[in-house]
Amino acid sequence: MWKKIIRNLCALLWVAASASLWAQDFPSRPITMVMPYAPGGPGDTITRVFAAAMQKQLGQQIVVDNPAGASGSIGTARVARSKPDGYSLLMIHVSHATNLAMYKNLSYHPVDDFEPIGRATSGPMVVVARNEFPARDLPDFIAYLRANQAKVSLAHAGVGSASHLCGLMLMNALGVKLNEIPYKGTGPALNDLMGGQVDVLCDQTSGTVPPVKAGKIKAYAAAGLARLPSLPNVPAMNEAGVNGLDISISFGLYAPKGTPQPVVEKLTAALQKSVADPEVRARLDGMGVTAVGVELATPQALRDHLRHEIDVLGGLLTKAGVKAN
Ligand code: MLT
């Protein structure tokens, strides 16, 4: 009996020691950071800021990969299946929570199949349109959507994505049903908006602020309760007497379940140094995005935030009868 206990104890100590020794060399080769939406979108932009910052902290190349589609669930599934060695990471936002409610046959569970590393950012959204959209201002925009409904095309990045959630809130707030056009990310959607092939999009500021400031698209409303410092001349929707459009999008970093704890700790430390880096904070601030405080760049903070989004936003979509398949 005692021999068996001692043998098991030695085995446990050996596993812990070998994981710790192994982690001392981590990372010894390039890391892949998956952003499961198309290149050029708001998620991709934010991901590349953190890939560059964490690469500096870890002293090893971080390559961003964009296996897009099905509202981020294709790329997310790839990371869930990856070897839990710290060399495959996932940067994702609210769709990590909503896809659980949206897709019946999801091949992963957002909580059970991932190790949270920490939260990274939070940021607002803006309702934008192609430059030739025939509405002078926000009241005129609201009147036009109500008068034309399905004749107006609304782009988004797939059922359950941030742009889809914001689009749903916009349609519910105005009591309209627009013609939804899904993309593999809002990068391609913004290209079509700039080209005039699609009418309206609600997207994160890391995707919309640059083209709005460059005069390539126009902004009608901030999708929150107050105007945005990055677009001070754009009214909040409630200034036109319309309530119910208030959404902010947070990104977090994950590794596959089973990634050794010493490796998770190294990744969390690199993320915390990145969110505290003044250059990172300034770059994100320039696109209307806020890097979280170091106290939120932790596994527990991300675990709590994911649970909240599963319960609240996943619940909202389920109640609204929204399903992807
Ligand atoms: C979304 O949820 O709308 C995505 O973040 C868009 C993107 O990053 O391409």
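Residues take their numbers from the sequence shown, with the count starting at 1. Atoms within a ligand are numbered from 1 in the order they appear, just like the ligands themselves.
- Taking a cutoff of 4.0 Å between a charged side-chain nitrogen and a carboxylate oxygen, Lys257 and Asp113 do not qualify as a salt bridge.
- Note: Phe251 and His93 have tilted aromatic rings, judged against thresholds of 30 and 60 degrees for the angle between ring planes.
- Among the candidates His305, Arg119, Gln272, the single residue satisfying the side-chain contact (heavy atoms from CB on, under 4.5 Å) test with Leu296 is Arg119.
- Those atoms of ligand 1 with a heavy atom of Gln204 less than 4.0 angstrom away are 1 (C), 4 (C), 5 (O).
- With respect to atom 8 (O) of ligand 1, the closest heavy atom belonging to the protein is Gly43 N, 2.9 Å.
- Of the polar atoms of Ala162, at least one N or O is found under 3.5 Å from an N or O of ligand 1, judged by distance alone.
- No more than 12 heavy atoms of other residues, nucleotides or ligands sit less than 6.0 Å from atom NZ of Lys151.
- Salt bridge status for Asp44 with Arg48: present, with a side-chain N to carboxylate O gap under 4.0 Å.
- Closest heavy-atom approach to atom 1 (C) of ligand 1 among the candidates His93, Lys184, Met125, His164: His93.
- Classification of the Tyr144-Phe133 ring pair by plane angle, with boundaries at 30° and 60°, yields perpendicular.
- Taking atom 3 (O) of ligand 1 as the reference point, the nearest protein heavy-atom neighbour is Ser163 OG, 2.6 Å.
- For Asp44, no nitrogen or oxygen atom sits less than 3.5 Å from a nitrogen or oxygen atom of ligand 1, counting backbone and side chain alike.
- At the top of the distance list for atom 7 (C) of ligand 1, counting protein heavy atoms only, stands Thr186 OG1, 3.4 Å.
- In terms of heavy-atom proximity, His164 sits nearest to Gly158 at CB-O, 3.3 Å.
- Ion pairing between Arg29 and Asp85 holds under the 4.0 Å rule for side-chain N and carboxylate O.
- Listed by atom number, the atoms of ligand 1 under 4.0 Å from Gly185 heavy atoms are 9 (O).
- Residue Ser95 places every heavy atom at 4.0 Å or more from ligand 1.
- Considering backbone and side-chain N/O atoms, Asp203 never comes within less than 3.5 Å of an N/O atom of ligand 1.
- Assignment of Met35 to the shell around ligand 1 is not supported, since no heavy atom sits closer than 4.0 Å.
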